[in-house]
Amino acid sequence: MQRTTGQNGAEHMESTMTAGPILRGIEFAHPEGSVPLLLDLYLPAGASAGTTFPAVVHFHGGGWRTGERSSLGPTVDGFGLGPIEQLVDAGFVVASADYRLSAVATFPAQILDAKAAVRWLRAHSADYGVDPDRIYAWGDSAGGHLASLVGLTAGVEGFGEPGTTDDDVAAVAAWYPPTDLVRMGGQARPDAVARADDPGSREALLLGAQPSEAPDKAAAASPITYVHAGAPPFFLAHGAADRFVPAAQSATLAEALEGAGAAVELLLVEDADHMWSQPDGGTAAAVQATAATIDFFRRQAHDS
């Protein structure tokens, strides 16, 4: 794997899967009180001057308290499927971005960082062959929550730079996202591993308060609060047996989007737990979700 130094001091590496360049560790923001926020930029093979590609900004999971860019969680990473690389193979630029974790800052820091990543990519679209009108958001778990918020809050006061709309995205894909922090605890399965209303839950750490004791904060951090008719198309994928984020979180967001007249597709995978874990340890659910996600983004890119 060949390494050179690219612009912004990023490390330039040749991907073994796509034969396209990967620029790792590009600084896109430096919030006060935080270390610089970085992203990894994956470029399709065969890119040439004058060629433009659709792009996806990816946000990792980890309950807003752990995780790292370019990861889809230990279970999915362990499957060796390379969903990000598959998306690049399909002709997309992918930017997988950091955001401040809950030990560093509480909400809304995370959505501000996610929007900053979108703005950075749009501002540098000409540098990397990105079509600024075909920038999409994708995330898994906590990252799916952020991708959903990015898609639904363009222009919302307090969630972006005043007077700007350059953090909007043209479509959203979210895997097993928390979408309604007010109702999430009550939707937990009987065999839940984690519940939003548990003391010190991931959701409580995000908000800086228990969701049940701070419903206004919980609502402000919930994508479902911002559903509107002009929302971009959504693809929601969830394991029906998810013990961490109830599948009802995707189902109720899908219902709300449909009720508002927005385009939405919902994939519920039977017997799949969080991170597409299945009782037989197989990869079928992850393969299905990855293929459906790439198909969704391909259709969005083709139709726009």
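Atoms considered below: every heavy atom in the structure, side chains included; atoms not considered: hydrogens, waters and symmetry mates.
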Asks: Run the side chain to side chain contact (heavy atoms under 4.5 Å, CB included) test on Thr290 and Trp276 for me, step by step, so that the C-alpha distance in whole Å, both residues' side-chain angles and the decisive distance to 0.1 Å come before the verdict.
Replies: CA-CA 10 Å; Thr290 298; Trp276 306 124; 5.9 Å; no
Asks: Looking only at heavy atoms, which two atoms of Phe297 and Ala173 are closest? And how far apart?
Replies: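 Here Phe297 and Ala173 meet closest at CZ-CB, 3.5 Å.
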Asks: What are the two closest heavy atoms between Leu152 and Ala231, and how far apart are they?
Replies: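 Reported closest heavy-atom pair: CD2-CB, 3.6 Å.
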Asks: In the single-linkage hydrophobic clustering (I, L, V, M, F, W, Y; side-chain heavy atoms under 4.5 Å), do Trp175 and Ile294 co-cluster?
Replies: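 Yes.
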Asks: Taking all non-hydrogen atoms of both residues, which atom of Gly239 and which atom of Ala247 are closest, and how far apart?
Replies: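 Answer, listing the atom of Gly239 first, then Ala247: O-CB, 3.6 Å.
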Asks: With a 3.5 Å distance limit and no angle check, can you tell me whether His124 reaches the backbone of Trp120 through a side-chain donor-acceptor pair?
Replies: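 Judged by distance alone, yes, a pair lies under 3.5 Å.
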Asks: In the single-linkage hydrophobic clustering (I, L, V, M, F, W, Y; side-chain heavy atoms under 4.5 Å), do Phe107 and Ile224 co-cluster?
Replies: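 Yes, because Phe107 and Ile224 connect within a single hydrophobic cluster, where side-chain heavy atoms sit under 4.5 Å apart.
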Asks: Quick one: closest heavy-atom pair of Ser148 and Pro177, and the distance?
Replies: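 Shortest heavy-atom separation between Ser148 and Pro177 comes out as OG-CB, 4.4 Å.
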Asks: Quick one: do Leu41 and Leu37 end up in the same hydrophobic cluster if we chain Ile, Leu, Val, Met, Phe, Trp and Tyr together by side-chain heavy atoms under 4.5 Å apart?
Replies: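 Same cluster: Leu41 reaches Leu37 through Ile, Leu, Val, Met, Phe, Trp or Tyr contacts under 4.5 Å.
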Asks: Given side chains that start at C-beta, do those of Leu81 and Val287 come closer than 4.5 Å, heavy atoms only?
Replies: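 Result yes, sub-4.5 Å side-chain heavy-atom pair found.
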Asks: Same cluster for Leu72 and Tyr136 if Ile/Leu/Val/Met/Phe/Trp/Tyr side chains link at under 4.5 Å?
Replies: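 As far as the 4.5 Å side-chain criterion goes, Tyr136 and Leu72 are connected within one cluster.
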Asks: Consider only side-chain heavy atoms of I, L, V, M, F, W and Y, link residues closer than 4.5 Å, and tell whether Val182 and Ile111 are in one cluster.
Replies: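 In one cluster: no.
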Asks: Taking C-beta and beyond as the side chain, do Leu112 and Pro31 meet within less than 4.5 Å on heavy atoms?
Replies: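 Sidechains of Pro31 and Leu112: no contact.
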Asks: Any non-hydrogen side-chain atom of Val130 less than 4.5 Å from a side-chain atom of Ile135?
Replies: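 Side chain of Val130 against side chain of Ile135, heavy atoms only: contact under 4.5 Å found.
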Asks: Show me the pairs that pass salt bridge (Lys or Arg N to Asp or Glu O under 4.0 Å) and involve residues 271-292, at least two apart or across chains.
Replies: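 Only Arg243-Asp273 qualify under salt bridge (Lys or Arg N to Asp or Glu O under 4.0 Å).
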Asks: Would you say Gln288's side chain and Val269's backbone share a donor-acceptor pair under 3.5 angstrom?
Replies: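 No; zero donor-acceptor contacts below 3.5 Å.
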Asks: Can you run down the salt bridge (Lys or Arg N to Asp or Glu O under 4.0 Å) pairs that involve residues 190-201, sequence neighbours left out, and say none if there aren't any?
Replies: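 Salt bridge (Lys or Arg N to Asp or Glu O under 4.0 Å) check on residues 190-201 returns Arg189-Asp191.
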Asks: Rounded to the nearest 0.5 Å, what separates atom CG in Leu39 from atom CD in Glu27?
Replies: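 Reported to 0.5 Å precision, the distance equals 10.0 Å.
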Asks: Within the side chain of Asp98, is there an N or O that forms a donor-acceptor pair under 3.5 Å with the backbone of Leu38?
Replies: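 Answer holds: yes.
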Asks: Between Ser250 and Leu236, which heavy-atom pair has the shortest distance, and what is it?
Replies: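 Reported closest heavy-atom pair: O-CD1, 3.5 Å.
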Asks: Describe, in one word, how the ring planes of His274 and Tyr176 are oriented to each other, choosing from parallel (under 30°), tilted (30 to 60°) and perpendicular (over 60°).
Replies: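 The arrangement is tilted - the two ring planes meet at 30° to 60°.
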Asks: Would you mind reporting whether Phe59 and Leu149 have side-chain heavy atoms less than 4.5 Å apart?
Replies: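 Side-chain contact under 4.5 Å: no.
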Asks: Dump the intermediate steps for side chain to side chain contact (heavy atoms under 4.5 Å, CB included) on His58 and Leu87, then the final yes or no.
Replies: CA-CA 11 Å; His58 171 258; Leu87 192 52; over 6 Å; no
Asks: Quick one: does Ser102's side chain get under 4.5 Å of Arg202's, heavy atoms only?
Replies: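 No, their side chains stay 4.5 Å or more apart.
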Asks: For residues Glu255 and Leu266, determine if any side-chain heavy atom of one lies less than 4.5 Å from a side-chain heavy atom of the other.
Replies: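 Sidechains of Leu266 and Glu255: no contact.
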Asks: Check whether any side-chain heavy atom of Tyr42 sits under 4.5 Å from a side-chain heavy atom of Asp89, and report yes or no.
Replies: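 Counting from C-beta outward, Tyr42 and Asp89 never come under 4.5 Å.
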Asks: List the atom of Leu181, the atom of Glu203, and the distance in Å for their closest heavy-atom pair.
Replies: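 In terms of heavy atoms, the two residues are closest at CG-CG, 4.2 Å.
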Asks: Per the side-chain hydrogen bond (donor to acceptor under 3.5 Å, both in side chains) rule, what does the pair list look like for residues 205-231, sequence neighbours excluded?
Replies: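 Every pair satisfying side-chain hydrogen bond (donor to acceptor under 3.5 Å, both in side chains) with a residue in residues 205-231: there are none.
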Asks: Could you tell me whether the side chain of Ser201 and the main chain of Ala196 form a donor-acceptor pair under 3.5 Å?
Replies: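 Side chain of Ser201 to backbone of Ala196, a donor-acceptor pair under 3.5 Å: yes, one is there.
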Asks: Please report the C-alpha distance between Asp167 and Val150 in whole Å, then the side-chain angles of each, then the deciding distance to 0.1 Å, and finally whether the side chain to side chain contact (heavy atoms under 4.5 Å, CB included) criterion is met.
Replies: CA-CA 7 Å; Asp167 55 14; Val150 167; 5.9 Å; no
Asks: Is the backbone N or O of Ala97 less than 3.5 Å from a side-chain atom of Asp40, with the two atoms forming a donor-acceptor pair by type?
Replies: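 Flag not set: sc Asp40 to bb Ala97 has no pair under 3.5 Å.
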Asks: Any side-chain hydrogen bond (donor to acceptor under 3.5 Å, both in side chains) involving residues 104-114? Give me the pairs, sequence neighbours left out, ordered by first then second residue.
Replies: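 Matches after skipping sequence neighbours: Arg100-Asp113.
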Asks: State which residues pass side chain to side chain contact (heavy atoms under 4.5 Å, CB included) with Pro246; sequence neighbours excluded, sorted by chain then number.
Replies: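 Partners of Pro246 under the side chain to side chain contact (heavy atoms under 4.5 Å, CB included) test: Met184, Gln187, Gln249.
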Asks: Return yes if some donor-acceptor pair links the side-chain N/O of Ser141 with the main-chain N/O of Gly143 below 3.5 Å, else return no.
Replies: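 Pair absent, no side-chain N/O of Ser141 close to backbone of Gly143.
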Asks: Could you check whether any side-chain N or O of Asp140 sits under 3.5 Å from a backbone N or O of Gly61, counting only pairs where one atom can act as donor and the other as acceptor?
Replies: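 Checked: pair present.
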Asks: Is there a side-chain contact between Val57 and Val169 (heavy atoms, below 4.5 Å)?
Replies: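 No, side chains not in contact.
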Asks: Check the angle between the aromatic planes of His145 and Trp64 and answer parallel, tilted or perpendicular using the 30° and 60° thresholds.
Replies: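 Plane angle over 60°, so perpendicular.
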Asks: Listed by chain and number, what are the side chain to side chain contact (heavy atoms under 4.5 Å, CB included) partners of Glu265, not counting sequence neighbours?
Replies: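 Glu265 satisfies side chain to side chain contact (heavy atoms under 4.5 Å, CB included) with Phe235, Phe296, Arg299 only.
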Asks: So, for Phe28 and Tyr99, is the gap between ring centers shorter than 6.0 Å?
Replies: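 Not under 6.0 Å, so no.
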